[in-house]
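Read the structure below first, then the notes.
Here is how names work: the chains are called A, B, and so on, in the same order as the sequence lines, proteins then strands, and each is numbered from 1.
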Protein chains: 2
Amino acid sequence: MNHLSFGELFEEARTGGKSLAQGEFLFQKGAASTHLYTVLEGCVRMVRFTSTGDPIIMHTARSGDGLAEASLFFDTYHCDAEAVLPSTVACYDKKRIVAIIGASPQKSLACIAFFSRQVRSLRALLEVRSIRSARDRVLHYLMLQAAPENMTVRISGSIKDMAHDLAMAHETLYRILANLEKEGKISRDIGIIKIHH
Amino acid sequence: MNHLSFGELFEEARTGGKSLAQGEFLFQKGAASTHLYTVLEGCVRMVRFTSTGDPIIMHTARSGDGLAEASLFFDTYHCDAEAVLPSTVACYDKKRIVAIIGASPQKSLACIAFFSRQVRSLRALLEVRSIRSARDRVLHYLMLQAAPENMTVRISGSIKDMAHDLAMAHETLYRILANLEKEGKISRDIGIIKIHH
DNA sequence: ATGGATGTATGATCTCGGTCATATGGCTAT
DNA sequence: ATAGCCATATGACCGAGATCATACATCCAT
């Protein structure tokens, strides 16, 4: 089972990169969608605005995440992509991607595998979020993220990001982690959490 | 833009159907995944159990919905599929599906489109769930689901299912809907919610 | 070095929403 | 027709967790 990212898969379709200042838009709703992107650095989020002007955040992409993969099959973008931090993205030409898929059954299978892995992990995240108790949610999340051998979780990003993943206030997460450590259920180091079953 | 279901896409890979009594399992976690399914009739849900034995409902599939599409590239199923009602499902042979994808770039593109749509809707659900306030969560959910022309949401399934999607107690959702209606922000009919902005 | 921004951390307070209880209407099976 | 089940609906209560406030450390840019 190969675990290629979108970028690795379609390296040949890459047409360069782009730097975005904080607050800059990568693209906006309605623009012709000619490229797909992956975030190399920083943080870009997809936003749609309701008729009342309220923003709806559809997705927040961090380093390694794809952007607008779904617009491969649409002529225009249907959200805005805004850099929340200074960011860099890699650009991939849609036409070339389609050509690659048409020419290589292997690549197209790998691409489908890529998406279905993503579906799995998104469902897993949804599963975590359907747990009511914040404490249980944290425990379940840690279990999911932990490498099975050593029951160790490497935290990518900040605890605040993790709190967002877990759909809870970051203060709550700090408290819960502190409690779990006090109880001896976990131990912590910078960027690492170890679970003691 | 075609919105083929998995079933329509891979009709040739179909190997028949299966009837399930209420409570019967279509497959269970860990079993070799040889087939994918779509629900023809009834209702099948995907469940995982936590270490404490609590069930977590990952997904509820009704007529027309696919089941376990994401396990196309995994050797075993990752959760249990249980019929909540007497149900019938169509079965599709994984090997044949892979063969079809290899042989037809068109089908493989359609398949990729299918998965990327799914990724997008899962992401949308995740973002909805990251909204703290239950009331705002409901509003955003309705906005996302609403057809842009007429701002009308067709409810598939029950309000309880919707409450599960929204990760809140169904009582809370009943109350919030009643309030929104009282305030004139929405109006309701059986199976339909209309948003007045 | 200094000020600003951000992440980490913890205490105090208060409210939102989860839980429990109860009621009613619709549907199915006997 | 009757009993049982489920979705819908609403009231009452209370506790988990959101919010607000404060403090300290780190990292940048000036």
Name the pairs: protein N/O against N/O of nucleotides 20-28 of chain D, kept only if under 3.5 Å.
from: dC20(D); atom 1: N4; to: E171(A); atom 2: OE2; distance (Å): 3.3

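Between the S121(B) side chain and the Q118(B) main chain, a donor and an acceptor come within less than 3.5 Å of each other. Here the side chain of K94(B) pairs a donor or acceptor atom with the backbone of F74(B) at under 3.5 angstrom. At distances below 3.5 Å, not a single donor-acceptor pair connects side-chain atoms of K29(A) with backbone N or O atoms of R48(A). K194(A) places a side-chain N or O within donor-acceptor distance of the main-chain N or O of N150(A), the cut-off being under 3.5 Å. With S116(A) contributing its side chain and I112(A) its backbone, the two residues share a donor-acceptor pair below 3.5 Å.
Among the protein residues, R188(A) comes within range of the sugar-phosphate backbone only, with heavy atoms under 4.0 Å from sugar or phosphate atoms but none that close to a base.
H170(B) has its NE2 atom 10 Å from the P atom of dT8(D), to the nearest Å. What separates CG of D161(B) from C1' of dA7(D) is a distance of 10 Å, to the nearest Å. Spacing between atom CG of L173(A) and atom C1' of dG17(D) amounts to 13 Å, rounded to whole angstrom units. In this entry the distance linking CD1 of I190(B) with C1' of dA9(D) reads 16 Å, nearest Å. Protein atom CZ of R137(A) is 12 Å distant from nucleotide atom C1' of dA18(D), rounded to whole Å. Atoms CG (N179(B)) and C1' (dG11(D)) sit 13 Å apart, rounded to a whole Å.
Two residues, Y174(A) and R132(A), neighbour DNA chain C, and the one matched to the more 5' nucleotide by heavy-atom proximity is Y174(A). Between M168(A) and L177(B), the residue anchored closer to the 5' end of DNA chain D is L177(B), taking for each the nucleotide with the nearest heavy atom.
Under the 30°/60° scheme for interplanar angles, the aromatic rings of Y77(A) and F27(A) are found to lie parallel.
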Please tabulate, for the side chains in residues 176-186 of chain B, all donor-acceptor contacts under 3.5 angstrom to protein atoms that are two or more places apart in sequence or on a different chain.
from: E181(B); atom 1: OE1; to: R188(B); atom 2: NE; distance (Å): 3.3
from: E181(B); atom 1: OE1; to: R188(B); atom 2: NH2; distance (Å): 3.3
from: E181(B); atom 1: OE2; to: R188(B); atom 2: N; distance (Å): 3.4
from: E183(B); atom 1: OE1; to: R135(B); atom 2: NH1; distance (Å): 3.4
from: E183(B); atom 1: OE1; to: R135(B); atom 2: NH2; distance (Å): 3.1
from: E183(B); atom 1: OE2; to: R135(B); atom 2: NH1; distance (Å): 3.1

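K107(B) pairs in a salt bridge (Lys or Arg N to Asp or Glu O under 4.0 Å) with only one of the listed residues (E8(B), E11(B), E12(B)), which is E12(B).
Here dT19(D) is the nucleotide among dG17(D), dT19(D), dA7(D) with the atom lying nearest to any side-chain atom of A169(A).
For the helix from dA1(C)-dT30(D) to dT30(C)-dA1(D), the rotation axes defined at the first and last 5 base pairs enclose an angle of 50°, given to the nearest 10°.
Residues passing the salt bridge (charged side-chain N to carboxylate O under 4.0 Å, His left out) test with R14(B): none are found, sequence neighbours excluded.
With a 6.0 Å radius and a threshold of 12 heavy atoms from other residues, nucleotides or ligands, E41(A) has its CD atom at or below the threshold.
Bracketed by its first and final contacts, the part of DNA chain C lying under 4.0 Å from non-hydrogen atoms of chain B reaches from dG17(C) to dC20(C) in 5' to 3' order.
Among pairs with a residue in residues 138-158 of chain B, none fulfils salt bridge (charged side-chain N to carboxylate O under 4.0 Å, His left out), at least two apart in sequence or across chains.
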